[in-house]
Amino acid sequence: MFRRMSEDTSAIQVCIAGTGSYLPERILTNAELAATVDTSDEWILSRTGIRERRIAAAGEFTSHMATHAARKALEQAGLAAEDVELIIVATITPDTPTPATACYVQQSLGASRAVAFDISAACSGFLYAMKISKRLITSGAFTNALIIGAEKLSAVTNWEDRSTCVLFGDGAGAAVLRIAAPEEGSILATEMGTDGNLTHLLNIPGGGTACPITSENVGQHLGTLTMMGKEVFKHAVNRMKEAAEKVIERSGLQPEDIACVIPHQANLRIIDAIADRLAVPNERVFVNLDKYGNTSAAAVAIAFDEANRSGAFKRGDHIVLVVFGAGLTWAAAAIRW
Ligand code: ACO
């Protein structure tokens with residue numbers, strides 16, 4: 001029914017050398033949304049945990065946000081842009097259908113040696129990029145990689161649909177991966193999976209070759225996100241729990257060994273359900289969706305950076321990242337920091 005890739009055995013260990021994130025300045029509150037669609041702060045907060053989200057400026061593209069986040073990650077890693085060997089941008093809102101957003105990021109960073117391409121795996125894209133780049137480093141093809149989750153979801157949101165427009169926001173998060181020295185932490189285990197039988201639960205129906213936007217259908221919001229929320233919710237909880245359990249087990253850990261779980265930031269009720277099923281106390285689960293909503297591929301990357309910079313984990317701690325998104329797709333990673 002679905003395909004999945006599993007583990008990773010190599011003498012080369014790969015660590016996270018730096019993280020970064022960027023959020024646009026403009027804050028859109030629940031109260032502002034309630035003035036334009038039939039909703040309320042109370043409904044949004046109680047059903048999702050979201051209080052506000054960020055909205056990129058008109059001339060601010062996905063690659064701009066990605067570049068800001070990348071610079072911070074490179075700075076923390078102490079890696080010069082010209083020494084980056086691989087750039088992967090995970091996004092469902094590229095600047096242009098082609099070339100890849102990663103190419104614009106390569107240009108704006110001045111990372112002229114880097115191979116650059118995008119992956120499209122919705123909210124799971126950042127951890128797909130982590131697994132792929134880890135594999136490319138352990139195979140000897142590259143010594144480092146810059147992975148970025150970046151989205152301008154405000155550009156693909158139907159602002160008249162209250163069931164989706166209250167959920168999404170814009171932003172970017174990044175991480176630098178490189179070969180780890182023996183005394184450093186490393187990515188212990190990664191997991192990713194796909195179930196293409198469930199593409200209908202969450203998609204942008206128009207704008208691709210299946211349904212181009214034409215002068216006849218332009219007013220029908222076909223280029224915006226549609227979602228069967230309840231169904232997605234159920235699969236999200238099950239898949240994220242399974243993926244997190246797999247990487248915990250493959251790392252030889254127990255749930256009580258995990259200092260910090262960083263889940264996809266879609267809905268606080270989903271996050272609470274996962275924490276409960278994994279038997280990880282809520283205080284060890286990082287949440288920032290109240291400030292940013294669901295930023296798809298950027299969400300776990302931004303949360304990872306905020307958790308890192310706020311001291312939610314320290315050297316030697318074990319952390320788990322776990323995500324879920326359109327496809328359906330899911331992924332997880334266990335890391336010794
Ligand atoms: N304000 C007020 N009422 C609303 C709103 C709103 N913004 N949206 C929906 N409602 C109403 C519905 O019309 C419905 O009314 P009815 O009972 O009269 O028909 C009622 O609220 C309940 O709606 P549900 O959709 O059943 O609400 P639910 O509790 O399931 O919450 C939500 C909806 C928040 C979308 C939830 O299902 C969810 O979070 N799903 C998962 C989303 C997710 O994880 N996505 C991840 C991937 S995103 C990506 O890949 C880009």
Side-chain angles (χ1 to χ4, degrees), residues 28-53 62 90-94 119-128 149-173 192-196 198-205 207 223-241 243 263-275 287 289-290 292-303 322-332:
L28 178 64
T29 64
N30 290 349
E32 284 176 88
L33 279 169
T36 59
V37 289
D38 182 14
T39 189
S40 64
D41 177 50
E42 195 281 327
W43 192 95
I44 302 170
L45 193 57
S46 63
R47 294 297 182 112
T48 71
I50 300 166
R51 292 176 188 276
E52 57 191 38
R53 67 288 293 142
T62 298
T91 188
I92 56 165
T93 48
I119 57 173
S120 172
C123 309
S124 305
F126 184 74
L127 292 191
Y128 270 45
E151 301 284 11
K152 186 172 177 174
L153 292 185
S154 60
V156 294
T157 296
N158 177 355
W159 292 102
E160 294 168 17
D161 174 13
R162 69 175 184 173
S163 70
T164 54
C165 77
V166 302
L167 304 174
F168 303 119
D170 301 334
M192 60 186 192
T194 304
D195 186 352
L198 300 173
T199 52
H200 59 285
L201 292 186
L202 176 51
N203 58 38
I204 298 176
T224 59
L225 280 158
T226 64
M227 177 163 69
M228 296 167 72
K230 267 201 194 319
E231 281 299 299
V232 173
F233 191 114
K234 194 177 63 188
H235 289 288
V237 172
N238 293 334
R239 292 302 188 197
M240 284 203 281
K241 173 192 171 275
H264 177 45
Q265 306 286 312
N267 187 316
L268 190 57
R269 290 186 292 139
I270 294 177
I271 293 174
D272 287 345
I274 292 161
V287 175
L289 65 74
D290 52 320
Y292 310 134
N294 179 353
T295 56
S296 190
V300 80
I302 296 167
V322 59
V323 294
F324 177 88
L328 298 180
T329 56
W330 57 91

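Just so you know, ligand 1 is whichever comes first in the structure, and atom 1 is the first atom listed for that ligand. Position 1 is the first residue of the sequence; numbering continues from there.
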A.B. asks: Kindly write out the residues that satisfy side chain to side chain contact (heavy atoms under 4.5 Å, CB included) with Ala303, not counting sequence neighbours, or none if the list is empty.
C.D. replies: Ile262, Gln265, Phe286, Asn288
A.B. asks: Let me know which protein residues bring a heavy atom to under 4.0 Å of ligand 1; chain then number is fine for ordering.
C.D. replies: Asp38, Thr39, Trp43, Arg47, Thr48, Ala122, Cys123, Arg162, Ser163, Val166, Leu167, Leu202, Met227, Gly229, Lys230, Val232, Phe233, Ala266, Asn267, Arg269, Ile270, Asn294, Ser296, Gly325, Ala326
A.B. asks: Do you know the tightest heavy-atom contact between Phe324 and Cys123?
C.D. replies: O-CB, 3.0 Å
A.B. asks: Apply side-chain contact (heavy atoms from CB on, under 4.5 Å) to Phe126 and Val323, showing your working.
C.D. replies: CA-CA 9 Å; Phe126 184 74; Val323 294; over 6 Å; no
A.B. asks: Side chains of Glu151 and Thr93: is there a donor and an acceptor less than 3.5 Å apart?
C.D. replies: yes
A.B. asks: Could you measure the distance from the CG atom of Leu33 to the CD1 atom of Ile44? Nearest 0.5 Å is fine.
C.D. replies: 5.5 Å
A.B. asks: In a check of side-chain contact (heavy atoms from CB on, under 4.5 Å) between Met227 and each of Leu167, Asn203, Asp161, which one passes?
C.D. replies: Leu167
